[in-house]
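Basis for what follows: all heavy atoms, side chains included, without hydrogens, waters or symmetry-related copies. One is the number of the first residue; the rest follow in order along the sequence. Source: prediction; values computed, not measured.
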Amino acid sequence: LHHYLSHPSFNHEKEYEVVADGPIADTELAYMARGMPLQGIKTRPAKVTRLGGTRFRIVLKEGRNRQIRRMVRKVGPRTFDFVARDVRDFNLVASPGFRTVRGMSKDGQTVIYAHVRRHNGRRLVNLARAELARFEAITGVPYPYPTYRVAETGGGLAMESPALIWIPSRRSSADHPYLVSHETAHQWWYSMVGNDQATDAFADEALADYFSRQKHLSIRASRCATDRLDRDSQAYSDLCYFEVIYVQGARFLAKLRKDYGSARFLAAIRAYTRDNRDEVSNNARLHEAFRAQMGDGVLPRFRSRFPSIY
């Protein structure tokens with residue numbers, strides 16, 4: 001199903017509206033429409049329609065990694081925003097060997113399912129139940145979906161998507177409290193409050209890791225040198241992406257809470273989640289929520305770790 005919906009050979013269209021920070025020439029639009037080389041491979045022809053001096057619509061029949069971003073930057077250095085209008089986004093986990101365990105959230109509003117082969121399904125349901133209630137209390141924002149599913153998968157990493165998380169078979173049951181907590185946190189920070197996970201990963205991954213480590217592990221030292229928290233995710237090594245954004249990010253938030261107190265820290269988290277719900281947020285908006293509660297004295301520590309914003 002994923003192959004059918006996403007592979008270019010099936011010619012499914014993906015529509016985007018793009019707004020640049022300056023005029024786009026007709027020759028630049030024509031270049032994108034004809035196809036352009038990206039990383040040594042020419043893009044397929046696209047339908048490009050001008051909507052204004054700085055706005056255009058583009059319809060693709062392929063979906064390479066960050067393709068719109070790369071195409072617009074190739075025709076000229078500029079910043080831009082875009083909205084995906086007709087892009088198929090779905091999640092799917094299936095296995096003929098699944099056993100399903102069912103439960104309810106503490107408030108009775110959400111049906112929780114665990115789809116497992118070897119893992120303890122009842123324990124995963126109970127962990128999910130506890131974490132849903134915990135993050136509702138932390139954020140002041142109710143979980144928005146009627147169901148929540150935890151699925152055991154054959155490999156890879158623990159991952160999340162709206163209303164579904166998956167836990168690898170190879171992970172020990174001792175890891176499950178942390179993993180379920182971290183992926184449940186993502187139901188708020190990136191599912192409800194979105195962000196660009198390439199350029200603003202701190203806004204969801206650091207928040208998720210801080211609250212899951214605070215409850216189930218420890219705020220440990222990083223295995224990589226202290227680094228900026230605002231780099232593009234591809235600018236870190238595979239090891240140091242996790243060690244900087246997750247681990248150093250969690251330590252940054254823990255120090256912020258210690259220095260300014262839990263009341264102001266949690267008030268900022270609640271305001272950030274409430275005010276940015278159903279929007280695409282970023283690191284700067286999260287900083288502003290903290291500044292609003294803690295005052296301008298908090299800004300120097302942000303400047304030192306997020307120089308691109310300041």
Side-chain angles (χ1 to χ4, degrees), residues 119 123-124 126-141 143 148 150 156-161 165-168 170-193 195 197 200-231 233 236-270 272-273 281 283 286-287 289-290 294 298 301-302 305-306:
H119 288 333
R123 182 168 184 254
L124 289 174
N126 289 338
L127 289 171
R129 183 173 185 262
E131 293 301 322
L132 287 176
R134 178 170 173 250
F135 282 104
E136 286 185 333
I138 288 169
T139 64
V141 177
Y143 176 77
Y148 189 41
V150 184
L157 302 172
M159 290 289 289
E160 80 289 336
S161 60
I165 64 174
W166 43 103
I167 308 297
R170 64 182 179 82
R171 295 301 295 263
S172 163
S173 61
D175 297 332
H176 291 176
Y178 164 76
L179 295 175
V180 171
S181 179
H182 183 100
E183 307 311 335
T184 300
H186 282 308
Q187 301 303 309
W188 278 263
W189 309 298
Y190 98 99
S191 179
M192 271 188 270
V193 180
N195 60 283
Q197 292 181 296
D200 292 273
F202 176 89
D204 71 300
E205 293 294 1
L207 282 176
D209 215 51
Y210 166 70
F211 282 108
S212 54
R213 285 183 178 278
Q214 183 235 0
K215 176 71 173 179
H216 299 290
L217 293 177
S218 64
I219 308 297
R220 66 168 174 80
S222 173
R223 299 187 178 103
C224 289
T226 300
D227 200 352
R228 291 166 47 174
L229 296 168
D230 62 346
R231 298 187 192 278
S233 60
Y236 303 100
S237 68
D238 288 346
L239 169 64
C240 288
Y241 170 69
F242 178 85
E243 290 294 322
V244 173
I245 295 298
Y246 289 61
V247 178
Q248 293 183 26
R251 288 177 65 84
F252 182 91
L253 292 170
K255 185 69 162 55
L256 197 64
R257 184 173 186 172
K258 179 181 177 182
D259 290 348
Y260 286 88
S262 291
R264 285 193 283 181
F265 180 86
L266 293 174
I269 294 296
R270 287 191 289 270
Y272 172 73
T273 308
S281 186
N283 292 335
L286 179 57
H287 296 182
F290 284 121
M294 300 171 181
V298 77
R301 68 179 68 198
F302 286 129
R305 304 299 295 274
F306 299 85

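Minimum heavy-atom separation, Ser161 to Tyr190: CA-OH, 3.6 Å. Scanning all heavy atoms of the two residues, the minimum distance from Leu127 to Pro177 falls at CD1-N, 3.9 Å. Scanning both residues, Ala158 and Leu179, for their nearest heavy atoms gives CB-CD2, 3.9 Å. When all heavy atoms of Phe135 and Ala185 are compared, the pair lying nearest together is CZ-CB, 3.4 Å. When every heavy atom of Cys224 is checked against every heavy atom of Ser222, the shortest pair comes out as N-OG, 3.1 Å. Taking every heavy atom of both residues into account, Leu157 and Trp166 meet most closely at O-CD1, 4.1 Å.
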request  = Under the side-chain contact (heavy atoms from CB on, under 4.5 Å) rule, what do Leu256 and Met294 come out as? Steps first, then yes or no, please.
outcome  = CA-CA 10 Å; Leu256 197 64; Met294 300 171 181; 3.9 Å; yes

request  = Please assess Thr226 against Arg305 for the test side-chain contact (heavy atoms from CB on, under 4.5 Å), listing each intermediate value before the final yes or no.
outcome  = CA-CA 9 Å; Thr226 300; Arg305 304 299 295 274; 3.8 Å; yes

ask   = When you look at Leu286 and Leu207, which way does the side-chain contact (heavy atoms from CB on, under 4.5 Å) test go after all the steps?
value = CA-CA 10 Å; Leu286 179 57; Leu207 282 176; 4.2 Å; yes

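Expressed to the nearest 0.5 Å, how far CG of Leu124 lies from CD1 of Ile165 amounts to 8.0 Å. One finds the CE atom of Met192 at 6.0 Å from the OG1 atom of Thr139 (value rounded to the nearest 0.5 Å). Atom CD of Glu205 sits about 9.0 Å away from atom CZ of Phe242, to the nearest 0.5 Å. Taken from CD1 in Ile167 to CD in Glu183, the straight-line distance is 6.0 Å, to the nearest 0.5 Å. Considering CD of Gln197 and CD1 of Ile245, their distance stands at 11.5 Å, rounded to 0.5 Å. Here Ser262 contributes atom OG and Arg257 contributes atom CZ; the two are 3.5 Å apart, rounded to the nearest 0.5 Å.
Between Phe202 and Asp230 there is no side-chain heavy-atom pair separated by less than 4.5 Å. Side-chain contact between Val193 and Trp188: absent, with no pair of heavy atoms (C-beta onward) separated by less than 4.5 Å. Phe290 places none of its side-chain heavy atoms less than 4.5 Å from the side chain of Arg264.
For the 3.5 Å distance criterion, the side chains of Thr184 and Tyr143 fail to qualify, holding no donor opposite an acceptor.
Screening Glu131, Arg213, His176 for a side chain to side chain donor-acceptor pair (under 3.5 Å) with Ser181, the sole residue that qualifies is Glu131. Tested against Asp209, the residues Arg251, Gln214, Gln248, His182 include a single side chain to side chain donor-acceptor pair (under 3.5 Å) partner, His182.
Under the 6.0 Å cut-off for aromatic ring centres, Trp189 and Phe211 qualify, their centroids lying closer than that. The ring of Phe252 has its center closer than 6.0 angstrom to the ring center of Phe302.
Side-chain atoms of Glu160 do not come within 3.5 Å of backbone N or O of Gln187 as any donor-acceptor pair. Side-chain atoms of Asn195 never come within 3.5 Å of backbone atoms of Ser281 as a donor-acceptor pair (strictly under, hydrogens ignored).
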